[in-house]
Amino acid sequence: MSFKAAAVQMCSGVDPVKNAAAMARLVREAAAQGATYVQTPEMTGMLQRDRAAARAVLADEAHDIIVKTGSELAREFGIHMHVGSTAIALTDGKIANRGFLFGPDGRILNRYDKIHMFDVDLDNGESWRESAAYTAGSEARVLSLPFAEMGFAICYDVRFPALFRAQAVAGAEVMTVPAAFTKQTGEAHWEILLRARAIENGVFVIAAAQAGRHEDGRETFGHSMIIDPWGAVLASGGASGEAVIVAEIDPAAVKAAHDKIPNLRNGREFSVEKIAGAVAGGVAA
């Protein structure tokens with residue numbers, strides 16, 4: 001059965017209380033447009049480069065304001081509410097980059113901890129070491145919902161196609177990629193990566209994004225997207241600022257895509273052999 005999905009685009013700051021209020025306002029807007037599944041971006045609760053300042057306001061899951069607000073919104077509107085991710089304090093002093101899916105009764109149906117850590121040095125001088133503060137997840141899940149089979153990823157995970165293929169093989173019809181993509185990498189790769197994950201697996205992709213210049217000085221790419229199994233962009237947000245994008249999701253389109261291009265069924269096991277190239281005096285035997 002088809003359903004209406006919304007991706008909420010935000011420009012989260014350093015104050016979780018203010019970010020929770022912004023999330024609530026945008027989710028209400030999405031619900032007013034008829035969305036029964038609503039997704040927010042990665043790090044909905046706070047974008048803060050100063051780790052000491054971030055730790056000072058972090059809470060564990062039981063006391064986190066974004067978790068509390070997400071549950072309340074799901075229950076208030078009778079929707080499936082997906083907090084793309086927020087920073088959760090762990091008992092070992094590290095942090096989880098954790099997403100939550102709440103059912104219409106406000107209960108947590110799924111947690112997903114970002115698996116792949118963004119440890120990179122970019123050409124513009126930006127350097128990121130998520131693994132220095134965050135504990136990586138190790139478990140992917142496909143959740144059976146009344147309207148679709150749903151897989152989960154967060155931001156940098158999108159560059160690891162094996163994660164998406166494993167979920168597609170397990171039956172996922174909708175893949176979720178909440179993100180806070182940097183402006184530089186977003187300009188180069190955001191749309192093409194999302195469309196590639198949709199096309200190669202024949203699934204819908206829903207990706208709510210952070211967008212614009214943030215209080216901590218970083219700049220994110222925005223352009224939240226909803227993409228169909230054939231790779232068509234059904235809805236897209238702008239380059240900066242808040243937005244709510246909505247699209248109709250029909251899981252029957254997943255079967256249609258798989259019938260046209262049955263690459264999930266046609267996949268074969270194979271081995272990889274590394275061989276020497278040319279050698280002096282001729283070609284290697």
Seminar exercise, completed: Nearest heavy-atom contact between Thr40 and Pro178 is O-CB, 3.4 Å

Kindly compute the distance separating [atom1] ([X]) from [atom2] ([Y]), expressed to the nearest 0.5 Å.
X	Y	atom1	atom2	value
Ser2	Ile249	OG	CD1	9.5 Å
Asn201	Ile261	CG	CD1	13.0 Å
Ser85	Arg98	OG	CZ	11.0 Å
Glu215	Met46	CD	CE	11.5 Å

Exercise. Which of these passes side chain to side chain donor-acceptor pair (under 3.5 Å) with Thr220: His214, Gln210, Gln9?
Worked result: His214

Exercise. Could you walk me through whether Asp259 and Lys255 pass the salt bridge (charged side-chain N to carboxylate O under 4.0 Å, His left out) check?
Worked result: CA-CA 6 Å; Asp259 287 344; Lys255 183 180 184 305; 2.9 Å; yes

Is the [X] to [Y] ring centre distance short of 6.0 Å?
X	Y	result
His116	Phe160	yes
Phe181	His223	no
His80	Phe147	yes

Exercise. Do we get Lys183 above Trp190's six-membered ring, with its NZ or CZ under 6.0 Å from the centre and within 45° of the axis?
Worked result: no

Contact between [X] and [Y] at the side-chain level, heavy atoms closer than 4.5 Å - yes or no?
X	Y	result
Tyr37	Val174	no
Val205	Met225	no
Ile154	Asn97	yes
Asn110	Arg141	yes

